[in-house]
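Since the structure comes first, as structure tokens, the remarks are kept for the end.
Worth knowing before you read on, the calculation uses all heavy atoms, side chains too, and leaves out hydrogens, waters and symmetry mates. Model, not experiment: these values are computed from the prediction.
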Amino acid sequence: MNAISENPRSENSRKFPHLRQDFTASLVVFLVALPLCVGVAVASGVPAELGLVTGIVGGIVTGLLPGSSLQVSGPAAGLTVLVFGAVTEYGLPALGVIVLAAGLIQLAMGALKLGGWFRAISLSVVEGMLAGIGLVLIAGQLYSAAGLEAPASGIDKITGLPGAAADALGSTEALTSLALGAGTVAVLVLWRRLPKRVQAVPGALAAVGLATAVTAVFGLSVATVEVNGLLDVIQPPGADAFGELASVGILGTIVAFTLIASAESLFSAAAVDRLHNGPRTEYNKELMAQGAGNTVCGLLGALPMTAVIVRSSANVSAGARTKASRVMHGVWLLLFAALLPSVLALIPLPALAGILVHAGWKLIPFRGIVPLWRGHRGEALILVVTAVSIVAVNMFEGVLIGLALSVVKTAWEASHLKLEVVDKGAGPVQAHLSGNATFLRLPKILESLEALPQDRPVELDLSGLHHLDHACRTALENWAERHSATGTDPVKVTEPATAAV
């Protein structure tokens, strides 16, 4: 009889020991994610509900899969610029194909255990990528905050700001809209200085809520979110959309989606691991989880997803213990989208623009660039060039430029070479080469050797070289022949200790 009358609550606490903590954390993450999902969707040029769809998939689908137990996935500000460009160039139906293809590639990379390779990407390239995205995002959202249409390219967004400011100053409606956006940013900045009890409400939600209330109370004439209904915006890609895969441009976009979403997710996972003492991330499984989520988002015609550090850190800070918190946050997003879609129509667009301006600002590593320049100027240069390239050209080519610079820098440093010349005034001149002799250092090697006295014998000691590539060997042999042809004794060469080629 005692077994039959056992307390059900006690039984549940044994099955789900952290249910209360995960439940509370899920509500916090839901409140953080809601305005961000809507804001990212609007900034990406797609219906607001598609941002919620991606958040739902990120919570329920990716949240259930193994990989990282506490990081939360959804639409991210880091992909906003790329998505907007893709939708503008190829149309909304093609977005589903792009996201679907990126998800399948992520699944394949995870299955091939390539997840760890993303940890080898230069941090300066990733930070430069995020900085470039942040600059373009801020510039684009300043137009939205004023109720103006933003230019298409990143460089046009920035160069067009003075003209946009002049237009806004001549319009009462634009100034009202801009003031509402600026007020939203101010709330976000000041929110962190308020008492901890007040901060229990996420700053983004508070900022949007206050902006919505001000708009309603004072009857402000500003644009609000357009609502279509959850089922109306879900449009699986059709046969015509799959035909776009024949375009070289769209294939490049797919590669950009895959690389950026994967890198951002796995870097986020590493950051989240530093915030808690629970199980560490399994990178290949996490990459497959992200791929599964993006595959589902692609089939639904929704936005791409990544792991998002803002939501993930909120999840950890709120006391989440297991993946149940992120799954439940997806359920709350689903219930909101299904039961309260009309609430979205009350949200003013300048408020969402303000949230994304704030998010874009946080993507730029202002505090880190000066110390980086002092300690590692090459890395700082890569960061700046990557960011500027993204603004001036586009996302994909900007990242490729950053990666290429990183490879060149690594190759240059790996080809470290030291030349010591010993001249005692009589007898042969001794030249000792040590390190790695590659074609990158060839001009310096030849310049130093050709500066040696032409009328003196030379002993060239290569025994200190760890590596001597074919280009350097050939150039040294040619120099030795030229020097010996002047009538002096032939150059005496001591070969490297190892047969490096």
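Here the side chains of L299 and L100 are in contact, with some heavy-atom distance below 4.5 Å. Counting only heavy atoms from C-beta outward, the side chains of W479 and E450 approach each other to under 4.5 Å. No side-chain heavy atom of S68 sits less than 4.5 Å from a side-chain heavy atom of Y283. With a 4.5 Å cut-off on side-chain heavy atoms, W191 and L205 do not count as touching. Side-chain contact check for L142 versus I138: some heavy-atom pair is nearer than 4.5 Å. Between V421 and Q430, the closest side-chain pair of non-hydrogen atoms is not below 4.5 Å. Between L419 and H432 the shortest side-chain heavy-atom distance does not fall below 4.5 Å. No side-chain heavy atom of S434 sits under 4.5 Å from any side-chain heavy atom of D461.
The heavy-atom pair separating L107 from A292 by the smallest distance is CD2-N, 3.7 Å. Of all non-hydrogen atoms in F257 and P304, the two that sit nearest each other are CE2-CG, 3.4 Å. V125 approaches I382 most closely through the heavy-atom pair CG2-CG2, 3.8 Å. Between S44 and V83, the closest heavy-atom pair is CB-CG1, 3.7 Å. A139 and I158 get closest at one heavy-atom pair: CB-CG1, 3.9 Å. The two residues R311 and A33 come nearest to each other via the heavy atoms CD-CB, 3.6 Å.
In summary, the side chains of S463 and E495 do not present any donor paired with an acceptor at a separation below 3.5 Å, with no hydrogens or angles considered. There is a side-chain donor-acceptor pair under 3.5 Å between Q106 and N294.
Expressed to the nearest 0.5 Å, how far CG of L433 lies from CG of L476 amounts to 6.5 Å. The line from OG of S325 to CD of Q21 is 10.5 Å long, rounded to the nearest 0.5 Å. From E264, atom CD reaches atom CE of M305 across 13.0 Å, with rounding to the nearest 0.5 Å. Between the CD1 atom of I369 and the CZ atom of R374 there is a distance of 11.5 Å, given to the nearest 0.5 Å.
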Would T494 and E459 count as a side-chain contact (heavy atoms from CB on, under 4.5 Å) here? Give the steps. CA-CA 8 Å; T494 304; E459 293 179 355; over 6 Å; no
Show the numbers, then the answer: is there a side-chain contact (heavy atoms from CB on, under 4.5 Å) between C37 and T54? CA-CA 8 Å; C37 287; T54 298; over 6 Å; no
N436 and H466: CA distance, side-chain angles, deciding distance, side-chain hydrogen bond (donor to acceptor under 3.5 Å, both in side chains) verdict: CA-CA 6 Å; N436 298 295; H466 304 300; 5.8 Å; no
L417 and I445: CA distance, side-chain angles, deciding distance, side-chain contact (heavy atoms from CB on, under 4.5 Å) verdict: CA-CA 9 Å; L417 184 67; I445 297 172; 3.0 Å; yes
Begin from the C-alpha positions of L137 and W361 and carry the test side-chain contact (heavy atoms from CB on, under 4.5 Å) through to its verdict. CA-CA 9 Å; L137 185 59; W361 183 266; over 6 Å; no
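Under the 4.0 Å criterion applied to side-chain N and carboxylate O atoms, R456 and D489 are not assigned as salt-bridge partners.
Among residue pairs with one or both ends in residues 283-302, those qualifying as salt bridge (Lys or Arg N to Asp or Glu O under 4.0 Å) are E282-K285; sequence neighbours excluded.
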